[in-house]
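Computation of the quantities below employed the complete heavy-atom set of this structure, encompassing side-chain atoms and omitting hydrogens, waters and symmetry-equivalent molecules. Each ligand, and each atom within it, is numbered from 1 in the order the structure gives.
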Amino acid sequence: MFKKVLIANRGEIALRIIRACKELGIGTVAVYSEADRDSLHVRFADEEVCIGRGPASESYLHMQRILAAAEITNADAIHPGYGFLAENAEFSEICAHNGFVFIGPTVDNIRKMGDKASARSLMIGHGIPVIPGTESILDSEKQALAMAAGIGYPVMIKASAGGGGKGMRVVHDEKDLPRAFAVASSEAASAFGNPGLYLEKYLIRPRHVEFQVLGDRFGNVVHLGERDCSVQRRHQKLIEESPCPAMTPALRRKMGECAVEVARLIEYVGAGTVEFLLDKDMNFYFMEMNTRIQVEHPVTEMVTGLDLVKEQVAVSGGERFSFDAGKVKFNGHAIECRINAEDPRHDFRPCPGVITSFHPPGGPGIRVDTHIYASYVVPPFYDSLLAKLIAHGRDRSEAIARLRRSLDEFIIIGVPTTIDFHRTIIDDPRFISGDLDIQFLEKRS
Ligand code: MV4
């Protein structure tokens with residue numbers, strides 16, 4: 001096992017990783033920007049190294065400085081968290097070449113999943129269901145028109161190098177396709193340096209359902225159930241829960257087996273997520289695989305009782321799962337709200353500033369993952385996540401009741417937050433009945 005892990009991240013996830021390492025008896029190195037000097041991840045790590053100024057390009061994205069910090073502190077491994085360098089093929093490769101274990105995907109994993117059109121054809125070749133569409137990159141507008149006529153409108157044009165919502169266009173009518181094709185292609189070229197596009201049938205109001213997977217170095221892969229992440233706005237998730245309200249034991253078995261097969265196909269080691277769209281008729285389709293620990297991992301921890309970050313670190317260090325893969329028990333229901341420093345009244349604009357007063361909720365079934373405290377200054381350089389509030393209950397209605405009363409207890413003064421917005425969402429009859437889809441927020445406002 002590792003002696004020392006460097007955490008190449010900040011905020012709540014840096015704290016989360018430090019906690020896991022401490023419980024495993026592993027030393028921790030925090031790296032931080034000048035804007036994060038007074039952050040808790042710096043305070044709670046065993047060692048800390050300042051790696052540059054506030055902007056991420058001069059600190060948390062600066063590969064050479066992070067590697068230098070790992071060298072001078074003699075770390076064995078680097079944990080990238082989520083965002084920043086977590087799915088950067090070059091960084092993964094450089095870590096390996098410099099003798100540091102990258103606690104994340106291999107270059108091969110990232111390349112296989114990073115190009116969506118080739119990931120699709122890999123899945124098709126192994127019988128994994130994908131959304132009806134093209135088998136490879138479209139080579140012309142004419143070919144796109146012919147494919148779309150075969151599939152039937154509406155269709156979605158997607159950038160092969162994209163993901164997370166960038167470089168996509170919905171086309172409802174063939175007369176709109178030529179323009180959409182041209183715009184998407186030039187957008188993809190400038191955003192990703194790759195103009196390649198493919199085309200799929202556009203699904204109407206599906207759910208976003210993702211499976212947590214975990215692989216070790218001995219070829220074992222397990223799934224740890226699903227999360228429904230349909231409540232999102234402009235590709236930012238706001239609420240995630242497990243289990244998915246629409247799930248059945250038979251569907252979980254089928255989708256779970258698929259997720260495990262996807263991870264096996266790329267010999268995945270560590271924590272990963274296989275994303276699916278689930279339509280109204282309960283058909284499911286592979287979308288993409290995220291090769292990192294995700295923001296929403298705590299909901300899976302609450303229902304399984306496992307510590308995913310400890311498992312992730314341990315399997316990267318060559319250990320087996322700490323639990324019996326055949327005996328994972330799923331207990332109750334968990335829901336997470338992402339509390340952001342954003343103003344819902346002004347189009348959710350980010351609001352950095354001073355937290356003047358802070359009181360986190362507590363009591364039965366409540367978990368709060370946060371790096372903030374009274375007098376903490378939210379810097380302007382990074383994402384606006386302040387805290388994750390996770391409520392667990394014996395069933396969904398108990399989890400919602402706990403979420404409701406804990407949102408009422410949560411006090412953050414000094415910057416606008418999304419606390420009240422969450423309070424409104426969880427009182428929506430459609431949310432309460434579990435009738436979720438990816439247009440849930442668009443429809444209500
Ligand atoms: C889709 C889709 C409907 N039909 N593909 C958005 C992110 C990227 N991973 C793929 N996305 C979508 N692909 C077809 N064929 C709808 C979306 C989509 C979406 C998916 C998951 C969660 C939120 C979403 C919000 C808008 C669109």
Side-chain angles (χ1 to χ4, degrees), residues 82-83 87 110 113-121 123-124 128-135 138 144 147-148 150-172 176-177 180-181 184 187-188 191-192 194 196-211 226-242 244-246 255 259 262 272-292 294-296 299 336 338 348 425 431 435-445:
Y82 53 67
E87 286 160 292
I110 300 170
M113 286 301 171
D115 185 79
K116 310 297 168 198
S118 68
R120 257 178 78 82
S121 69
M123 298 310 150
I124 293 166
I128 306 289
V130 298
I131 301 167
T134 54
E135 278 243 19
L138 296 162
M147 295 299 302
I151 293 164
Y153 290 86
V155 297
M156 199 168 205
I157 295 177
K158 297 184 174 182
S160 189
K166 274 187 236 151
M168 306 187 315
R169 280 285 180 291
V170 183
V171 184
H172 292 277
D176 302 325
L177 191 139
F181 186 90
E187 255 180 35
F192 315 114
N194 174 357
L197 302 175
Y198 64 103
L199 188 147
E200 287 175 354
K201 178 84 186 167
Y202 177 62
L203 301 183
I204 309 294
R205 295 179 54 181
R207 289 175 187 259
H208 173 130
V209 178
E210 59 184 33
F211 273 71
E226 78 283 359
R227 297 182 286 257
D228 188 319
C229 307
S230 299
V231 182
Q232 52 77 47
R233 188 187 165 274
R234 299 193 182 164
H235 304 293
Q236 293 293 336
K237 293 168 186 162
L238 289 176
I239 299 181
E240 307 97 348
E241 62 182 289
S242 186
C244 163
M255 292 181 76
V262 168
T273 300
V274 181
E275 289 187 5
F276 298 97
L277 290 182
L278 177 64
D279 73 13
K280 289 274 178 291
D281 303 321
M282 305 297 262
N283 299 305
F284 65 90
Y285 308 93
F286 168 83
M287 278 225 303
E288 44 193 84
M289 179 170 181
N290 298 316
T291 51
R292 60 173 186 269
Q294 288 193 277
V295 177
E296 60 270 28
V299 297
E336 173 179 280
R338 298 191 188 188
F348 293 82
I425 296 176
F431 182 83
D435 176 25
L436 309 176
D437 62 66
I438 60 170
Q439 255 116 58
F440 176 79
L441 287 183
E442 265 88 345
K443 292 266 161 175
R444 54 188 301 290
S445 49

Looking only at protein heavy atoms, identify the closest one to [atom] and say how far it is in Å.
{"atom": "atom 21 (C) of ligand 1", "result": "His208 ND1, 3.3 Å"}
{"atom": "atom 4 (N) of ligand 1", "result": "Leu203 N, 3.0 Å"}
{"atom": "atom 17 (C) of ligand 1", "result": "Ile438 CD1, 4.0 Å"}

*List every atom of ligand 1 that sits less than 4.0 Å from any heavy atom of Met287, numbering the atoms from 1 in the order shown and giving each element.*
9 (N), 10 (C), 13 (N)
*For ligand 1, which atoms sit closer than 4.0 Å to a heavy atom of Gln232?*
23 (C), 24 (C), 25 (C)
*Look at atom CD of Glu187 and say whether more than 12 heavy atoms of other residues, nucleotides or ligands are closer to it than 6.0 Å.*
yes
_Between ligand 1 and Val170, can you find any atom pair, the residue atom being a heavy atom, that is separated by under 4.0 Å?_
no
*Does Met168 reach ligand 1, in the sense of a heavy atom lying below 4.0 Å from it?*
yes
_Less than 4.0 angstrom from a charged side-chain N to a carboxylate O is my criterion; do Lys237 and Glu210 meet it?_
yes
*asked:* Polar contacts were defined as any N/O atom of the residue lying under 3.5 Å from an N/O atom of the ligand; does this apply to Tyr202 and ligand 1?
replied: no
*Considering Met156, Lys201, Lys158, which one's heavy-atom position lies nearest to atom 15 (N) of ligand 1?*
Lys201
_Among His235, Lys237, Glu200, closest by any non-hydrogen atom to atom 26 (C) of ligand 1_ = His235
